[in-house]
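Just so it is clear, the model here is predicted, and its values are computed rather than measured. Note: hydrogens, waters and symmetry copies are ignored here, and every other heavy atom, side chains too, is used.
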Amino acid sequence: MAGRFAPRPTRTTVRGGVPRQAAGPGRVRDWVPDGPLDLGLVLGPLRRGPGDPTFRATPDGSVWRTALTPAGPGTLRVRASGGGVRGEAWGPGAEWLLERLPELLGAADDPTAFVPRHRLVALTRHRRPGLRLTRSGLVLESLIPSILEQKVTTDEAYRAWRLLVRKFGEPAPGPVPGPMHVMPEPRTWALIPSWEWHRAGVDNKRASTILRAVRVAGRLEEAAGMEPGAARARLELVPGVGPWTSAETVQRSHGAADEVTTGDLHLPRIVGWALAGDRDADDSVMLELLEPYAGQRHRAARLVLLSGRVPGRRAPKMPRWDIGEL
């Protein structure tokens with residue numbers, strides 16, 4: 001009798017009553033890059049920790065990511081196929097993701113414009129020929145986790161991102177390899193209760209910055225079509241978003257080869273040690289060392305990080321403070 005009994009949960013239903021989209025056939029696009037391509041190196045910066053619910057790498061070499069596109073949520077699977085790359089996508093944002101697949105994989109990047117000036121950088125570039133700079137074309141998906149990373153350890157920031165996306169994001173469309181979620185929409189971020197921020201270990205300053213950003217989400221997403229410098233200027237109009245956060249964002253959203261991160265606790269020392277043996281380098285010293293790479297400073301910094309040459313630790317790690325337990 002219709003309406004008398006509640007329907008039983010089905011395989012397309014997840015805990016909490018939120019329907020999961022059935023895993024129907026996805027859209028497919030094949031693309032052949034014009035040079036070496038390492039999927040892990042290119043897409044790795046979009047991953048926020050090993051438990052990121054929006055990103056997963058599987059043993060078969062595939063990279064899965066979810067995204068909240070202008071057309072809606074979508075899931076993208078990218079894997080090497082013959083001499084090229086095959087992208088498969090599901091959900092309302094599938095077509096948007098596949099249309100921008102080449103840029104996501106660095107098609108707009110020009111690695112040949114980079115000229116190594118240090119032996120270490122040249123050697124790392126030779127060992128990592130598949131490095132290209134991704135361009136996601138999405139601003140908030142990089143801005144929000146970058147705000148979460150302000151003034152805390154990466155473990156704390158990754159935990160906050162993981163907890164918030166799992167709790168307030170929607171299940172990813174498609175046949176994902178395990179639980180994956182799409183990051184919440186701007187309105188959902190704005191409606192997260194204060195105690196949920198607290199439970200995730202996010203202090204009021206960072207939570208308030210995210211709330212200010214999502215209130216002008218449309219204007220910030222417009223920055224994806226701007227030059228990196230202009231995009232950073234727009235992002236920094238949001239109180240709480242400074243040079244460190246804007247650089248970390250446009251490196252991913254724009255594939256900005258020259259937007260080097262300043263204000264970082266570790267990067268100046270790593271660059272200083274790798275290029276000049278200076279373990280006490282600050283931002284000014286780092287920028288001076290990277291000056292020969294003008295136009296490609298971010299790529300140079302990434303190659304330094306990939307070299308694995310870092311100064312030995314002289315002090316304990318930054319302590320972790322879980323405000324959710326206070």
Side-chain angles (χ1 to χ4, degrees), residues 29-52 54-67 76-88 97 100-138 141-142 145-146 149 154 158 177 228 247-261 264 266-267 270-271 274-275 290 293 295-310:
R29 178 177 182 180
D30 293 314
W31 177 68
V32 179
D34 60 2
L37 180 66
D38 187 316
L39 292 178
L41 287 180
V42 177
L43 299 178
L46 300 178
R47 184 178 194 172
R48 305 291 181 159
D52 186 347
T54 70
F55 192 104
R56 182 165 296 190
T58 52
D60 66 354
S62 298
V63 175
W64 296 74
R65 73 179 296 261
T66 69
L76 176 68
R77 178 194 185 195
V78 184
R79 59 189 174 93
S81 178
V85 175
R86 167 159 291 191
E88 298 174 81
L97 288 168
R100 288 157 180 79
L101 178 65
E103 286 193 355
L104 182 74
L105 298 180
D109 183 36
D110 182 13
T112 63
F114 182 78
V115 180
R117 305 291 184 181
H118 297 81
R119 184 175 180 276
L120 178 71
V121 175
L123 182 60
T124 306
R125 184 194 185 198
H126 175 73
R127 290 175 173 173
R128 305 279 191 161
L131 173 65
R132 293 190 177 214
L133 302 182
T134 185
R135 180 172 185 169
S136 71
L138 298 168
E141 75 164 24
S142 293
S146 294
E149 292 173 9
T154 52
Y158 292 161
E248 289 288 310
T249 301
V250 301
Q251 287 165 7
R252 297 166 172 84
S253 61
H254 290 66
D258 194 48
E259 300 301 326
V260 64
T261 302
D264 192 83
H266 304 291
L267 185 61
I270 295 174
V271 172
L275 301 186
L290 293 177
Y293 300 103
Q296 295 282 321
R297 293 177 300 172
H298 170 52
R299 191 193 309 276
R302 278 213 61 193
L303 288 169
V304 168
L305 292 173
L306 289 172
S307 74
R309 185 174 181 182
V310 298

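The pair Arg252-Glu141 does not count as a salt bridge, with every side-chain nitrogen at least 4.0 angstrom from each carboxylate oxygen.
Residue Ser146 comes nearest to Ser142 through the heavy atom pair OG-O, 2.7 Å, listed as atom of the first residue, atom of the second, then distance. Of all heavy-atom pairs between Leu290 and Ala300, the closest is CD2-CB, 4.0 Å. Heavy atoms only, all atoms of each residue included: Asp52 and Leu46 are closest at OD2-O, 3.8 Å. When all heavy atoms of Ser136 and Ser253 are compared, the pair lying nearest together is OG-CA, 3.4 Å. Closest of all the heavy-atom pairs between Thr124 and Leu303 is CG2-O, 3.3 Å. In terms of heavy-atom proximity, Gly106 sits nearest to Arg132 at O-NH1, 3.4 Å.
Under the salt bridge (charged side-chain N to carboxylate O under 4.0 Å, His left out) test applied with Asp60, the options Arg77, Arg79, Arg86 reduce to a single match, Arg77.
By the 4.5 Å heavy-atom criterion applied to side chains, Val42 and Leu104 are not counted as neighbours. Residues His118 and Val304 form no side-chain contact, since every pair of their non-hydrogen atoms from C-beta on lies 4.5 Å or further apart. Side-chain contact between Leu101 and Leu76 is present, with at least one heavy-atom pair separated by less than 4.5 Å.
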Please evaluate residues Leu275 and Val121 with respect to the criterion side-chain contact (heavy atoms from CB on, under 4.5 Å), reporting the C-alpha separation (whole Å), side-chain torsions for both, the decisive distance (0.1 Å), and the verdict.
CA-CA 9 Å; Leu275 301 186; Val121 175; 3.9 Å; yes
With side-chain contact (heavy atoms from CB on, under 4.5 Å) as the test, would you mind laying out the steps for Leu97 and Arg65 before giving the verdict?
CA-CA 10 Å; Leu97 288 168; Arg65 73 179 296 261; 4.2 Å; yes
Please report the C-alpha distance between Val271 and Val260 in whole Å, then the side-chain angles of each, then the deciding distance to 0.1 Å, and finally whether the side-chain contact (heavy atoms from CB on, under 4.5 Å) criterion is met.
CA-CA 11 Å; Val271 172; Val260 64; over 6 Å; no
Please report the C-alpha distance between His298 and Tyr293 in whole Å, then the side-chain angles of each, then the deciding distance to 0.1 Å, and finally whether the side-chain contact (heavy atoms from CB on, under 4.5 Å) criterion is met.
CA-CA 9 Å; His298 170 52; Tyr293 300 103; over 6 Å; no
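To the nearest 0.5 Å, atom CZ of residue Arg100 and atom CZ of residue Arg29 are 10.5 Å apart. The CZ atom of Arg128 sits 11.0 Å away from atom CG of Leu123, with the distance rounded to the nearest 0.5 Å. The CZ atom of Arg302 lies 5.0 Å from the CG atom of Leu131; values are rounded to the nearest 0.5 Å. If you take CG on Leu138 and OG1 on Thr249, they are separated by 12.0 Å, rounding to the nearest 0.5 Å. Atoms CD and CG, from Glu248 and Asp264 in turn, are 7.0 Å apart once rounded to the nearest 0.5 Å. For the atom pair Asp38 CG and Leu43 CG, the distance stands at 9.5 Å (nearest 0.5 Å).
In terms of modelled atom types and a separation under 3.5 Å, the side chain of Arg125 and the main chain of Phe114 share a donor-acceptor contact.
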